Amino acid sequence: MQTDGPKTFSAALLAWYDVHHRALPWRVSPQDRAAGVAPDPYRVWLSEIMLQQTTVAVVKAYFEKFIRRWPDVSALAAAPEGEVLAAWAGLGYYARARNLHACAKTVSRLHDGRFPETAAALKALPGVGDYTSAAIAAIAFDEPAPVVDGNVERVVTRLEAIETALPRAKPQIRAKTAELTPPKRPGDFAQAMMDLGATICTPTRPACAICPVRPFCTAARRADPERFPVKEKKKAVPARRGAAFVARRGDGAVFLRRRPGTGMLGGMSEPPTTAWSAHADGATGAAAAPFPAAWAKTGEIEHGFTHFRLTLEVWTADLAGDPPVEGWWSTPADVAGEALPTVMRKVLKAAAGSGSSTGHPSHKTGNSEQEPFHDS
DNA sequence: TACCCGTGGCA
DNA sequence: TTGCCAAGGGT
């Protein structure tokens, strides 16, 4: 006869986590935690915001960069928003960065630089919702709050073979998670659930054979874990079209402007673009340019957003003077540090080295000044 | 409630 | 190529 495994779900999961937990830059290991090392709420919060809908692999480098540059919440609060957005560029969902900065200022001023210690109080902060408030409360402050992210939804719907489709199943999942969460080590438990979802209870081909909580799992017993979670079908994403206008100066600088502070890519930088029309015949072409110049179409880029696919014509012109619109010249040395979202970096790449107007992204050749200088 | 909001990797 | 998915939140 074999020895009995742990009697409770959380005991089985935590025993597994003690051995197989992932080592992550923002994480205190269960061993260190047991030895009395307290997580830094600032690091927990920063990592949780970055991890919203974003992969661990991508977040690591951004997290290290932010911590080096802004070691505590007051340092982050003191930074200009533009610098935070520039550091965030490429991570996506830029409202997160604006809310991150707003939250840092709130904590720094209203809370004297210390984060609230309950899920309820944390949830009042900008950018901190149901998931993040529970995660911070559990990990940083040992509150047994139910932490439900996409991993937990998958694990729990499989455990219980929940047939209700998401998002309607959320209340049931949350209730079951609350029931499973132990009064001791709630932070390790939450992180263990997420590690389990990320490494064992994966969306496809889950590794049930080595799962530490298989004895508790209904879906594994029925041999159909991949059916869960059941989700509503998503609508097809529409296409939009527009044009971007890259003005270049003799020294290679490009002309940028700042987008409106809210909405799509809010507060981020861009070369001037038209509105992005849902119609294929939307205003594009040189006539749609923000100011007259010898515009030449040098390419097109495509970019997938969450709710539409964008095709952007790329128009290029060389300018002698300053354009009659608000913005600034960004030299080749400065472009890397601009708050340019990925879609706009694609535009600049498509415009670079386009003096011969084929539109094919090719490396710079240094002969990009053959268009007549024009206008001002 | 349903929709808005980025990006990159992978089957 | 297309769709799905990743430690969701705001409105």
Side-chain angles (χ1 to χ4, degrees), chain A residues 21-22 24-27 43-63 85 88-100 102-103 122-140 145-155 166-168 170-171 173-174 177 187 189-199 201-206 226 229 231-240 259-260 262-268 270 276 301-310 339-346:
Chain A
H21 62 89
R22 291 178 290 177
L24 300 171
W26 47 85
R27 178 177 281 179
R43 294 170 64 94
V44 174
W45 163 74
L46 178 61
S47 66
E48 292 300 344
I49 301 298
M50 287 184 166
L51 286 161
Q52 290 167 3
Q53 297 289 285
T54 308
T55 57
V56 166
V58 171
V59 166
K60 281 181 180 172
Y62 282 87
F63 177 81
L85 286 173
W88 194 276
L91 253 191
Y93 284 137
Y94 298 98
R96 287 187 297 170
R98 301 194 300 269
N99 285 331
L100 181 85
C103 182
L122 285 160
K123 195 167 179 279
L125 296 169
V128 179
D130 285 332
Y131 161 76
T132 305
S133 59
I136 299 171
I139 296 169
V147 178
V148 182
D149 75 329
N151 289 301
V152 175
E153 287 176 350
R154 187 167 56 254
V155 170
L166 285 169
R168 268 189 307 131
K170 279 177 179 285
I173 295 167
R174 182 181 172 86
T177 303
F189 177 81
Q191 294 176 93
M193 287 287 273
M194 295 189 275
D195 278 18
L196 186 78
T199 65
C201 197
T202 48
T204 60
R205 298 175 58 81
E226 285 191 24
K231 295 192 176 182
E232 304 285 2
K233 286 193 177 174
K234 294 178 181 175
K235 289 187 287 190
V237 300
R240 293 189 194 176
R259 293 178 59 84
T262 58
M264 188 88 188
L265 308 177
M268 301 296 284
E270 65 171 9
W276 304 339
I301 62 102
E302 296 220 352
H303 191 78
F305 291 105
T306 307
H307 55 297
F308 64 91
R309 165 160 285 276
L310 178 65
L340 286 162
T342 297
V343 60
M344 297 305 166
R345 292 190 189 273
K346 280 189 191 176

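Keep in mind that what you see is a predicted model, and the values were worked out from it rather than measured. A, B, ... follow the sequence lines: proteins, then strands. Residue 1 opens every chain.
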Under 4.0 Å, heavy atoms only, any strand: does A/Met264 hit a base, just the sugar-phosphate, or nothing?
sugar-phosphate
Distance, P atom - from C/dC4 to B/dC3, rounded to whole angstrom:
16 Å
Parallel, tilted or perpendicular: rings of A/Phe305 and A/Trp276 (30°, 60°):
parallel
A/Lys235 side-chain proximity, nearest of C/dA7, B/dC3, B/dT7:
B/dC3
Heavy-atom nearest nucleotide on DNA chain C for A/Asn99 versus A/Arg154: which residue maps closer to 5'?
A/Arg154
With the side chain defined as heavy atoms from C-beta on, A/Pro203 is closest, among C/dA6, B/dT7, C/dC4, to C/dA6
Atom CZ of A/Phe308 to atom P of B/dC4: distance rounded to whole Å?
10 Å
To the nearest Å, give me how far apart OH (A/Tyr93) and P (C/dC5) are.
13 Å
Atom CZ of A/Arg309 and atom C1' of C/dT2: how far apart are they, to the nearest Å?
9 Å
Using a 4.0 Å heavy-atom cut-off, does A/Val128 contact any base of the nucleic acid, only the sugar-phosphate backbone, or nothing at all?
sugar-phosphate
So A/Gln191 and A/Leu24, side-chain contact (heavy atoms from CB on, under 4.5 Å) or not? Walk me through it.
CA-CA 11 Å; A/Gln191 294 176 93; A/Leu24 300 171; over 6 Å; no
Tell me which nucleotide among C/dG9, B/dG6, C/dA7 gets nearest to the side chain of A/Thr132.
C/dG9
Using the C1' atom as the reference point in each nucleotide, state the distance between B/dT1 and C/dG10 in Å, no decimals.
13 Å
Reckon A/Trp26 touches a base, only the sugar-phosphate, or nothing at all at heavy-atom distances under 4.0 Å?
base
Heavy atoms under 4.0 Å, any strand shown: does A/Leu24 hit a base, just sugar-phosphate, or nothing?
base
Determine the interatomic distance between C1' on C/dC5 and the same-named atom on B/dG6; round to the nearest Å.
14 Å
Grab the CZ-C1' distance between A/Arg240 and B/dG6 for me, whole Å please.
14 Å
For A/Gly304, report the nucleic acid contact type (base, sugar-phosphate, nothing); a contact means any heavy atom under 4.0 Å.
base
Tell me whether the side-chain N/O atoms of A/Thr342 come closer than 4.0 Å to OP1 or OP2 in B/dG8.
yes
A/Arg154 side, atom CZ; A/Lys231 side, atom NZ - distance, nearest 0.5 Å:
8.0 Å
Nearest-0.5 Å distance that lies between atom CG in A/Leu51 and atom OH in A/Tyr62:
13.5 Å
Salt-bridged, A/Glu302 to A/Lys346, with N to O below 4.0 Å?
no
Using a cut-off of less than 4.0 Å, is there contact between a side-chain N or O of A/His303 and OP1 or OP2 of B/dT7?
yes
To the side chain of A/Val343, which of B/dC5, C/dG8, B/dT7 is closest?
B/dT7
Side-chain N or O of A/Arg205 versus OP1/OP2 of B/dA11: is the shortest distance under 4.0 Å?
no
Distance between C1' atoms of C/dA6 and B/dC5 (Å, rounded)
15 Å
Report the distance from atom CG of A/Leu51 to atom C1' of B/dG6, rounded to the nearest whole Å.
15 Å
On DNA chain B, does the nearest nucleotide to A/Arg168 precede the nearest nucleotide to A/Lys346 from the 5' side, or the other way round? Give the residue.
A/Arg168
Which heavy-atom pair separates A/His21 from A/Asp195 by the least distance, and what is that distance?
CA-OD2, 3.6 Å
When you check the phosphate oxygens OP1 and OP2 of B/dC3, does a side-chain N or O of A/His307 lie under 4.0 Å from one of them?
no
Does A/Gln53 place a side-chain N or O at less than 4.0 Å from the phosphate oxygens OP1/OP2 of C/dG8?
yes
Is there a side-chain contact (heavy atoms from CB on, under 4.5 Å) between A/Asn151 and A/Leu196 once you walk through the steps?
CA-CA 8 Å; A/Asn151 289 301; A/Leu196 186 78; over 6 Å; no
Gap between atoms CZ and P, on A/Arg98 and B/dC5 respectively (whole Å):
10 Å
If you find the nucleotide of DNA chain C closest to A/Lys231 and the one closest to A/Val148, which residue's nucleotide is nearer the 5' end?
A/Lys231
Does the side chain of A/Val343 reach to within under 4.5 Å of the side chain of A/Leu265, using non-hydrogen atoms?
yes
Heavy atoms only, 4.0 Å cut-off, all strands: where does A/Leu265 land among base, sugar-phosphate and nothing?
sugar-phosphate
Do A/Arg22 and C/dA7 share a donor-acceptor pair, side chain to base, under 3.5 Å?
yes
Rounded to whole angstrom, note down the P distance from C/dG9 over to B/dG8.
22 Å
Please state whether the base of B/dG6 and the side chain of A/Thr54 form at least one donor-acceptor pair under 3.5 Å?
yes
Find the distance A/Leu85:CG to B/dT7:C1' and express it as a whole number of Å.
16 Å
Given atom OH of A/Tyr62 and atom P of B/dG6, what is their separation to the nearest angstrom?
13 Å
With distance as the sole criterion, do the side chain of A/Thr55 and the base of B/dG8 form a donor-acceptor contact below 3.5 Å?
no
